K.L.:
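Got a structure for you, questions after.
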Amino acid sequence: MKTKIAVVIPCYRVKAHIQALIESILHKVDSIYVVDDKCPESTGLFVEEKFAKENNVNVIFHDQNQGVGGAMISGYKAAIENNDDIVVKMDGDGQMDAQFLNRLINPILKEKADFCKANRFYDLIALDQMPWVRRIGNLGLSVLTKAASGNWHISDPTNGYIAISTQALKQLNLDALSKNYFFETSMLIQLNIIRAVIIDIPIPAKYDNEQSSLSIRKTLLTFPFKLTSGLFYRLFWRYFIYDINAVTIFLILGTIIFASGVSFGAYRWILGGIQGVVQTAGTVALAFLPTLLGFQMLLQAILLDVIDRPTQLIGNLIDDKEDH
């Protein structure tokens, strides 16, 4: 049976680029879902008029703007309902080159991955075309996103050129995904929780005259909180709900012992300062040893989290369960 490939295109102020993008993929995929996210340029109506004769071009309209994540959720649900097998996200601004579409989806077609993501950092020549602000921001976000998502082997987290198998997509809580620019990161967090196999695909950066809608100021103010909450969300579901293993034990014991050592040390330090009494070596040791032991346990939990990579595809796991 032929694998059905779908592309979801979230649209907001991309009327100038959308026709060229659709034409570049029109005969390469089985379904195209253009999601007009209450676009002030009426991109959806423009697409309906230009591609009225194409059966594989579908337009979804939002009554109010929901953000790129909200648009993608609508597109994903439509693809699932249509029984598509692989769903690709391409932004409507033309940054994602259609000539690399096959490269992006091949690992899923060959049953080597559940989810593939473009990585601009592999190509040093093409990377040189990326604006310095974006390059530095992406490098910093890569480190933070690795910790929050648990996918330590991937980089370039803000790259929205992504593909996912529908079998893996069905395991995600789509309505819990972030509806704004944090969408890709929240998706990576959920994919780690369900143990999806994720692969980075080398795809060069492409920057022309388009303007990024991502506010650097807003990113700096909101991303740290979102990444921190995402980290605790992932740890809770990954190591306390879906599974309990050595990481769970190290996290619990490490946190308790480390907090006890720090609390005791802080208490004795404050008390000594108030009373003007120098703490004995034994008191210092009682504070230092549990602090060090707890810290080492937390480091061990991090190490186990880093080296833990899934190898079994979500689709194969589902098939195995259904066979029995």
Side-chain angles (χ1 to χ4, degrees), residues 1-10 14 17-18 20-34 56-57 68 72 75-76 79 84-130 134-135 138-139 141-142 145-146 149 151-169 183-185 187-188 191-192 196-208 210 212 309-316:
M1 184 180 295
K2 181 181 181 295
T3 302
K4 295 173 61 178
I5 311 299
V7 172
V8 178
I9 307 174
V14 293
H17 306 279
I18 192 66
L21 172 60
I22 294 177
E23 289 175 347
S24 70
I25 62 174
L26 189 58
H27 303 297
K28 294 183 179 181
V29 301
D30 299 282
S31 301
I32 299 173
Y33 301 97
V34 175
N56 63 335
V57 179
V68 62
M72 285 306 303
Y76 279 152
D84 293 310
D85 299 300
I86 298 175
V87 190
V88 180
K89 172 182 176 288
M90 296 183 73
D91 290 337
D93 57 10
Q95 286 189 21
M96 298 165 185
D97 201 329
Q99 69 172 310
F100 297 107
L101 181 62
N102 288 336
R103 181 189 296 185
L104 186 69
I105 65 176
N106 272 339
I108 302 177
L109 287 171
K110 296 177 180 179
E111 297 186 349
K112 294 182 178 179
D114 295 302
F115 178 87
C116 294
K117 183 183 66 62
N119 187 340
R120 295 162 288 186
F121 297 163
Y122 277 100
D123 192 328
L124 297 181
I125 297 176
L127 181 63
D128 192 52
Q129 301 174 13
M130 182 186 295
R134 290 188 181 183
R135 196 183 312 177
N138 271 281
L139 289 172
L141 281 175
S142 290
T145 304
K146 286 174 186 285
S149 70
N151 299 301
W152 297 87
H153 61 291
I154 65 170
S155 298
D156 195 10
T158 60
N159 196 319
Y161 202 177
I162 57 179
I164 185 172
S165 72
T166 306
Q167 288 177 312
L169 191 61
F183 164 74
E184 286 86 1
T185 303
M187 194 168 184
L188 288 172
L191 287 167
N192 179 267
V197 178
I198 301 175
I199 294 180
D200 259 353
I201 306 297
I203 293 180
K206 180 187 176 186
Y207 289 100
D208 295 318
E210 66 280 341
S212 174
R309 289 179 59 179
T311 57
Q312 188 78 3
L313 295 179
I314 296 296
N316 291 342

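These numbers come from a predicted model, not from an experiment. Any value given below was found using the heavy atoms of this structure, including those in side chains, with hydrogens, waters and symmetry copies removed. One-based numbering along the sequence shown.
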K.L.:
Which heavy atom of K89 sits nearest a heavy atom of Y161, and at what distance?
P.N.:
O-CD2, 3.5 Å

K.L.:
Which atom pair, heavy atoms only, marks the closest approach of G92 to L21?
P.N.:
CA-CD2, 3.8 Å

K.L.:
Going from CD on E184 to OG1 on T145, what distance comes out if it is rounded to the nearest 0.5 angstrom?
P.N.:
10.5 Å

K.L.:
Just wondering, are more than 12 heavy atoms of other shown residues or ligands nearer than 6.0 Å to NZ in K28?
P.N.:
yes

K.L.:
Salt bridge between K4 and D30, side-chain N to carboxylate O under 4.0 Å?
P.N.:
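Looking at D30 together with K4, the answer is no, because their closest N to O distance does not fall below 4.0 Å.
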
K.L.:
Under the side chain to side chain contact (heavy atoms under 4.5 Å, CB included) test, which residues partner S155, sequence neighbours left out?
P.N.:
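For S155, the residues satisfying side chain to side chain contact (heavy atoms under 4.5 Å, CB included) (neighbours in sequence not counted) are N119, F121, S142, K146, D200.
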
K.L.:
N151 side chain to I198 main-chain N or O, any donor-acceptor pair under 3.5 Å?
P.N.:
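Not at all, since once roles are kept as given, no pair shorter than 3.5 Å links the two residues.
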
K.L.:
Which atom pairs, one a donor and one an acceptor, fall under 3.5 Å between side chains of residues 99-110 and the rest of the protein, sequence neighbours left out?
P.N.:
unit_1	atom_1	unit_2	atom_2	d
Q99	NE2	D97	OD2	2.8
R103	NH1	P202	O	2.4
N106	ND2	N102	O	3.1

K.L.:
May I have the step-by-step check of side-chain contact (heavy atoms from CB on, under 4.5 Å) for M187 and L169, ending in yes or no?
P.N.:
CA-CA 10 Å; M187 194 168 184; L169 191 61; 4.2 Å; yes

K.L.:
Taking only residues two or more places apart in sequence or in another chain, which ones pass salt bridge (Lys or Arg N to Asp or Glu O under 4.0 Å) with D85?
P.N.:
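D85 satisfies salt bridge (Lys or Arg N to Asp or Glu O under 4.0 Å) with no residue once adjacent residues are dropped.
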
K.L.:
Which heavy-atom pair separates Q312 from V197 by the least distance, and what is that distance?
P.N.:
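Answer, listing the atom of Q312 first, then V197: O-CG2, 3.7 Å.
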
K.L.:
Would you give the length of the straight line joining atom NE2 of H17 to atom OG of S24, rounded to the nearest 0.5 angstrom?
P.N.:
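Here the interatomic distance stands at 13.0 Å.
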
K.L.:
I want to check something: taking the side chain as every heavy atom from C-beta on, are I25 and I9 in contact at a cut-off of under 4.5 Å?
P.N.:
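A side-chain contact under 4.5 Å exists here.
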
K.L.:
Between P10 and M72, which heavy-atom pair has the shortest distance, and what is it?
P.N.:
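For P10 versus M72, the nearest heavy atoms are CD-SD, 3.8 Å.
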
K.L.:
Quick check: closest heavy atoms across I199 and K112, and the distance to 0.1 Å?
P.N.:
CD1-O, 3.5 Å

K.L.:
What pair of heavy atoms forms the shortest contact from A168 to D114, and how long is it?
P.N.:
CB-CB, 3.9 Å

K.L.:
So how far is it from N56 CG to I22 CD1, rounded to the nearest 0.5 Å?
P.N.:
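One gets 9.5 Å once the value is rounded to the nearest 0.5 Å.
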
K.L.:
Which value, rounded to the nearest 0.5 Å, describes the distance between Y122 atom OH and I203 atom CD1?
P.N.:
11.0 Å

K.L.:
Would Y76 and I164 satisfy side-chain contact (heavy atoms from CB on, under 4.5 Å), going step by step from the backbone distance to the final call?
P.N.:
CA-CA 10 Å; Y76 279 152; I164 185 172; 4.2 Å; yes

K.L.:
Going by heavy atoms in the side chains, are L188 and F115 under 4.5 Å from each other?
P.N.:
yes

K.L.:
If I take atom CD1 from residue I18 and atom CD from residue E23, how far apart are they, to the nearest 0.5 angstrom?
P.N.:
10.5 Å

K.L.:
Between the side chain of D84 and the main-chain N/O of A6, is any donor-acceptor distance below 3.5 Å?
P.N.:
no

K.L.:
Distance check, rounded to the nearest 0.5 Å: S149 atom OG versus N192 atom CG?
P.N.:
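One finds 6.5 Å between OG of S149 and CG of N192.
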
